[in-house]
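We name chains A, B, ... by the order of the sequence lines, and we start the count at 1 in each one.
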Amino acid sequence: MNIKSLPTTLGLVAGLLLGTATGALAEQQGITDTEILIGEVLPVSGPPALLGFAHTLGVKAAAAEINAAGGINGRMIRIIVEDDGYVNSRTVEGVRKLLTVHKVFALTSLSGAAQGLTVLPLVRDSGIPAISPIGIAEELHTPLVPNIFVVGSTYDAASEAIVRELSALNPGKSWGIIVQDDEYGSLTHQGFDRALADLKFDVAYDDKYTRGQRDFSSEMLRLQASGAELFMMGGIIAENVGMAKELERLGYDIPLGSSFVGRVPAILKLMGDAGSNLYATDYVVPEQSEKGIAFLEKLSGFLTEDEMAATNRYTFTGYIAARAMFEAISRCGAEPTWDCTIEKLEGLTDFETGISSPVSFSADDHFARLELGLMKANVDVLAFEPVK
Amino acid sequence: MTTDQHHSVTGGAVKSTAVLDDSENLLSIRNLKVVYNSSIEAVRDVSLSVSAGKIVALLGANGAGKSTILKGVSGVLFTEDGEIENGSINFRGENISELMPDLIVGRGLVQVPEGRRLFAPLTVHENLVMGGHLVGSKVLAERLEFVFELFPRLKEKASHISGYLSGGEQQMVAVGRALMSDPKLLCLDEPSLGLAPQIIDEIFKVLRKLRDENGASILLVEQNAHRALEIADYAYIMENGRVVMDGAADALANNRDVKEFYLGLGEASEGKSMRDVKHYKRRKRWLS
Amino acid sequence: MNYLIQLTATGIAIGAIYGLIAMAFALVYKSTGLINFAQGEVAMMVAYLTWAFAGQFGSGLIGVAVFTIVAGMVLGLVIERLLIRPMMGEPIFSIVLVTIGLAVILRSLVLLIWDASPHPMGIEAASELIRIGNLNMRAGQVFVIGLMGALLVASWAFFRYSRYGIAMRAVADDDRTALLMGVNTARVQAVAWAASSTIAGMAGVCFAALYDISPDIYSIGLKAFPAAILGGLDAVLGSAFGGIIVGLIENMTGGYMSSTIKEISGFVLIVGVLMIRPSGLFGQREIERV
Amino acid sequence: MRSGNFKQNVGELIALTDSKSVATWSCLLMVALIGAPMVLDAHLLGLVTVILFTLVGALGLNILMGYTGLVSLGHVGFLVLGAYGYAVTVGIHGLHPLLGFLMAGIVPAIAGVIVGAPSLRLKGIYLAITTMAFAFIINTAILEADFITNGSSGIFLPRPTMFGISFKSDAAFYWLCLFFAVAALAVTLNIRRSRIGRAFMAIRDNDIAAQSMGINLIAYKLLAFVMSAFMTGIAGALFGVYLSFVTVEGFTFHLTIEALAILVVGGLGSALGVVLGTILIVLLPEITGVLLSLTGDAAQEVMATKAFEVRNILYGVIIIGFLRFDPTGLVGIWKDVQRTWVNWPLKY
């Protein structure tokens with residue numbers, strides 16, 4: 001067990017059966033001569049399963065890839081997924097179970113942002129190396145948490161990027177924005193505000209909706225009445241679809257910006273023609289890019305046909321996170337420990353996965369900020385393609 | 001005392017079977033035993049009969065089991081966890097004790113429930129229509145005409161919400177509603193309850209008229225023995241779940257004990273001595 | 001002005017869907033004195049069944065309509081027979097809790113059988129644009145308004161004039177006495193459940209056709225609650241109007257105030273209304289005389 | 001062994017227990033509970049902790065629904081208010097945790113007065129829906145009042161330190177929850193045998209009759225709401241501390257249904273029932289997990305991705321099953337078992 005965090009772990013130890021605790025100190029948990037146990041907590045049921053399940057596929061493919069090549073220094077990777085359904089209390093339960101019942105070696109997901117925050121103290125105090133590619137809340141990396149690594153981009157950065165990019169494509173146009181009434185929404189708005197402070201465009205419409213709302217008739221009517229010429233849709237899936245379709249009904253065809261969160265093929269299928277003017281920014285490459293096509297080709301070697309149908313951008317992000325974690329473990333050699341893995345993660349620079357900009361961590365920054373690229377929906381093939 | 005005996009006013013103890021002959025009777029109940037919640041015995045070994053064209057009164061104090069018999073006859077005991085444990089109910093030669101209430105109504109046995117139980121939010125007209133739920137629309141129109149003739153006041157108030165009518169008018173609706181399906185046997189549960197004397201007169205006049213002019217058969221459950229005996233042809237008196245006395249109405253009305261216990265016409269009304277009380281107790285015991 | 005007309009039109013359209021579900025609430029309440037907390041879930045289940053049907057047999061409008069009605073009726077009858085009738089005689093509260101249990105089951109069943117992602121309903125005709133004056137409406141929106149209007153008139157006539165309708169009202173008021181009048185109350189209640197589920201199912205299918213099918217459709221049930229309460233739980237017609245009112249108020253607050261207030265405006269409204277009129281706008285007050 | 005259950009005076013009737021064995025077993029259980037952290041592993045300890053603070057909330061709801069017969073479908077509203085009452089006091093303003101727990105009770109209690117007010121006019125289902133509306137309105141209000149509550153960003157909650165004791169460790173937090181659970185149980189049991197409790201139950205059985213017996217309906221109904229909200233609020237604070245992060249999203253409407261399920265499964269109006277119900281409902285996921293692991297591979301395949309759904313269906317089935325086949329709940333079953341044990345081989 002991590003010696004540096006031992007004092008903080010003492011509390012946890014008091015809660016453990018004495019024998020188990022001493023046993024855990026003796027050898028690194030989650031690792032045997034033939035196997036390395038990796039844990040994930042994610043929503044694989046309920047509506048958010050769309051992202052959670054896709055993520056597990058990415059991790060699964062990454063593990064399969066490594067295992068096919070002989071594993072990590074001869075040890076096969078085995079993955080255990082705990083389903084939290086995006087419910088905070090279940091995330092806590094899930095992480096607890098992974099730590100103390102399954103005794104995994106590392107975590108490759110801490111579920112969503114709010115869920116990640118909920119388990120933050122638990123994960124921090126345990127000292128287990130963890131990487132979070134979905135829940136990217138600021139508190140997970142700043143101030144620095146010794147054993148938690150974050151890869152990707154923040155919602156606010158994504159929102160800022162899309163506003164900047166679309167403003168550049170449509171100079172001098174006024175904006176409308178609507179966000180969800182939660183953390184995700186407020187971050188989206190923060191990014192928007194940063195771009196606004198810099199570019200000083202007009203904001204014709206600015207509103208907030210309640211999570212789960214389906215009918216956007218009055219909101220989109222207000223947007224139209226406000227005369228906004230660009231629109232930042234701060235919803236996720238069903239909400240963005242609802243908005244786009246409502247705008248189609250009103251005959252108000254303006255460029256629509258969205259974050260990477262709901263950038264999945266399902267959304268395009270649902271939007272139909274209403275999605276033809278939809279833009280997004282993402283830190284993973286679009287499916288319809290050269291690299292994207294090559295990656296999906298590779299995935300199909302490890303996943304079944306059904307699983308391939310369920311892939312989306314979260315498969316990409318899951319793959320990136322898993323590869324980074326596996327790389328760090330393998331760099332530890334024959335006897336990987338938590339400390340070593342964390343150290344090697346901190347030493348990871350310009351690690352290439354081929355589907356995003358290189359991943360780099362350092363000892364004083366555990367957040368690998370990946371570059372965001374602009375992409376546009378192609379409703380004919382139900383995928384996104386790069387814009388340039 | 002054996003339970004299958006009744007004390008007839010006319011001749012002491014007689015075998016009840018002598019009084020009951022199923023073939024001639026519209027309704028005959030034999031050895032009925034009703035139990036609530038599988039434990040509380042409400043009615044035991046009751047036998048009684050109603051012959052066509054007669055008004056038969058079922059008298060007794062509160063809790064004697066009169067209403068339970070009516071519920072048993074109408075097949076609604078199950079709504080109160082009641083169950084017929086023994087005995088039979090024959091209506092026009094058919095055992096109806098196992099039938100569902102709607103089928104019993106279909107056979108021509110209709111009840112006017114205690115406390116009237118109108119469908120309060122419905123209009124008078126709609127209440128009456130409910131009474132004729134099982135008859136064809138042509139018959140319905142005829143019956144409606146008949147009821148309005150019987151109670152002209154209801155015609156005036158046909159479109160009124162029944163819940164806001166006066167007690168007497170409500171009782172008229174209740175009786176009219178029951179008559180809508182042209183029943184072979186009309187059962188009334190305490191029609192006089194809570195009504196002013198002149199309203200009771202009016203209702204009872206209608207009952208008498210129904211028997212005399214329309215040949216209706218009526219089973220009348222009453223606490224108000226005095227009034228009931230006035231119009232009944234035959235009467236049964238119940239106590240503690242059993243029939244303790246039966247006989248022709250006029251004979252009962254003149255019976256010394258009935259007078260004292262049910263009609264409140266005790267001859268020794270002034271200055272009761274201890275002896276009287278003892279005598280009372282003894283007779284009371286004998287009666288039950 | 002056009003803005004107001006637009007808000008009104010779309011408000012009535014969404015209100016009509018709430019209204020249909022509210023009618024479904026009222027139908028069950030009226031004949032059994034129960035609130036079916038699974039009403040939104042029933043709507044969702046019928047929508048999913050219809051979606052699966054359309055996927056198998058094509059999305060011909062008549063086929064879909066017939067299937068919706070059949071699915072709604074069967075679902076209603078099954079629920080009544082399996083869950084509600086055996087509970088007869090238990091306290092109302094227990095039966096209401098049974099419907100809550102049913103709601104949980106139906107929600108999970110949808111996720112178990114199908115998946116959690118939203119899907120297009122596949123009824124193209126519903127999303128076609130219709131131009132009325134200078135406002136664009138989806139065909140489905142116009143249809144659902146018409147559907148509610150038709151059902152409104154039909155149910156008004158049914159309860160007012162048909163003998164079965166009167167019997168239903170009688171059963172609602174006093175089922176024991178209705179029994180004494182020869183009404184087969186169990187059958188009346190079964191019919192009420194079937195009708196209620198069918199109407200809710202229609203609303204579910206319309207909603208799914210307009211806003212895609214997804215496992216959170218049940219939440220229209222939550223929206224219809226205020227509508228049903230507002231109209232008066234025992235007033236089938238009042239509930240339908242309640243739906244329109246809630247739809248309009250939502251759109252007005254959304255159009256003139258803010259979107260977050262919009263989503264709870266229905267609830268705020270009913271809390272206010274109930275304080276003044278405890279039985280809703282059109283609901284029957286308890287007749288104290290009796 | 002007792003041959004029957006005879007009470008000879010009111011004192012005996014309202015005593016917490018008249019049985020030495022019950023008292024003994026309770027003491028033994030208490031000792032076992034206090035010592036539990038020494039024996040249980042972290043996962044199990046976590047589960048018992050969840051049971052304990054869930055129990056506090058369920059007991060709170062029981063005062064309202066079980067004792068007073070007022071139906072609430074908005075209890076999650078009190079729960080979230082309690083969590084925020086604590087989180088705002090401790091998490092944002094850094095005040096003493098004790099004050100936090102006090103606020104966690106008081107804030108919902110005040111809301112209880114507001115929500116309870118309609119109960120004077122509304123009955124049954126209408127009241128239930130008003131309380132449900134309240135839960136939705138509260139959520140929006142918390143999100144909108146971001147100057148007080150941090151809005152959608154949520155509030156971080158450290159484990160408290162009180163009287164020089166740190167509750168940071170799981171074991172210490174467990175003991176804190178145990179303390180509150182025992183306190184809540186004591187309050188519940190004692191309300192039952194007090195004047196207040198008897199007034200509540202009189203209102204439940206027939207409020208008009210209760211009023212005619214001189215029970216002040218307004219005061220007692222509001223009191224029931226206040227007490228219930230206070231206890232539920234405390235549970236909310238503990239839940240928040242357990243999660244270490246409080247957001248509105250963490251308190252879904254599903255929690256209300258869970259609470260109802262606890263009361264139904266346990267047996268409405270009985271403290272023992274609430275305890276049994278809480279244990280069953282909280283452990284249900286674990287139980288189903290074990291049960292399904294006994295089944296074949298096909299079922300496990302389903303469980304891999306659909307575990308939550310299967311569990312929820314079971315949830316619904318259990319609620320309905322208890323309502324349908326044993327409305328007295330677990331406490332009824334327990335009593336039957338007890339009776340059989342004492343009287344066997346006689347029937348009664």
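Proximity to chain D involves both the backbone and the side chain of C/Leu97, based on heavy atoms less than 4.5 angstrom apart. Interface residue C/Ile35: backbone and side-chain heavy atoms are both found under 4.5 Å from chain D. Using a 4.5 Å cut-off between heavy atoms, C/Leu83 contacts chain D through its side chain alone, with no backbone atom that close. Looking at C/Leu106, there are no atoms closer than 4.5 Å to chain D (heavy atoms on both sides), in backbone or side chain. With a 4.5 angstrom heavy-atom cutoff, C/Val96 touches chain D only via side-chain atoms.
Considering all non-hydrogen atoms of both residues, D/Arg324 and C/Met87 come closest at CA-SD, 3.7 Å. Considering every non-hydrogen atom in both D/Ile320 and C/Leu102, the closest pair reads CD1-N, 3.7 Å. Of all the heavy atoms in D/Gly316 and C/Val104, the pair that sits closest is N-CG1, 4.2 Å. Annotation for D/Glu144 and C/Thr260: closest pair OE2-OG1, 3.3 Å, computed over non-hydrogen atoms.
Atom CD1 of D/Ile129 sits about 5.5 Å away from atom CG of C/Leu233, to the nearest 0.5 Å. To the nearest 0.5 angstrom, D/Ile313 atom CD1 is 7.0 Å from C/Ile105 atom CD1. If you take OH on D/Tyr315 and CZ on C/Arg107, they are separated by 12.0 Å, rounding to the nearest 0.5 Å. In this structure, C/Ser94 OG and D/Leu268 CG are separated by 8.0 Å, a value rounded to the nearest 0.5 Å. The distance from atom CD1 of C/Ile264 to atom OG1 of D/Thr140, rounded to the nearest 0.5 Å, is 4.0 Å.
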**Report entry** From CA spacing to verdict: side-chain contact (heavy atoms from CB on, under 4.5 Å), D/Leu73, C/Phe37
**Finding:** CA-CA 11 Å; D/Leu73 293 179; C/Phe37 271 84; 3.1 Å; yes
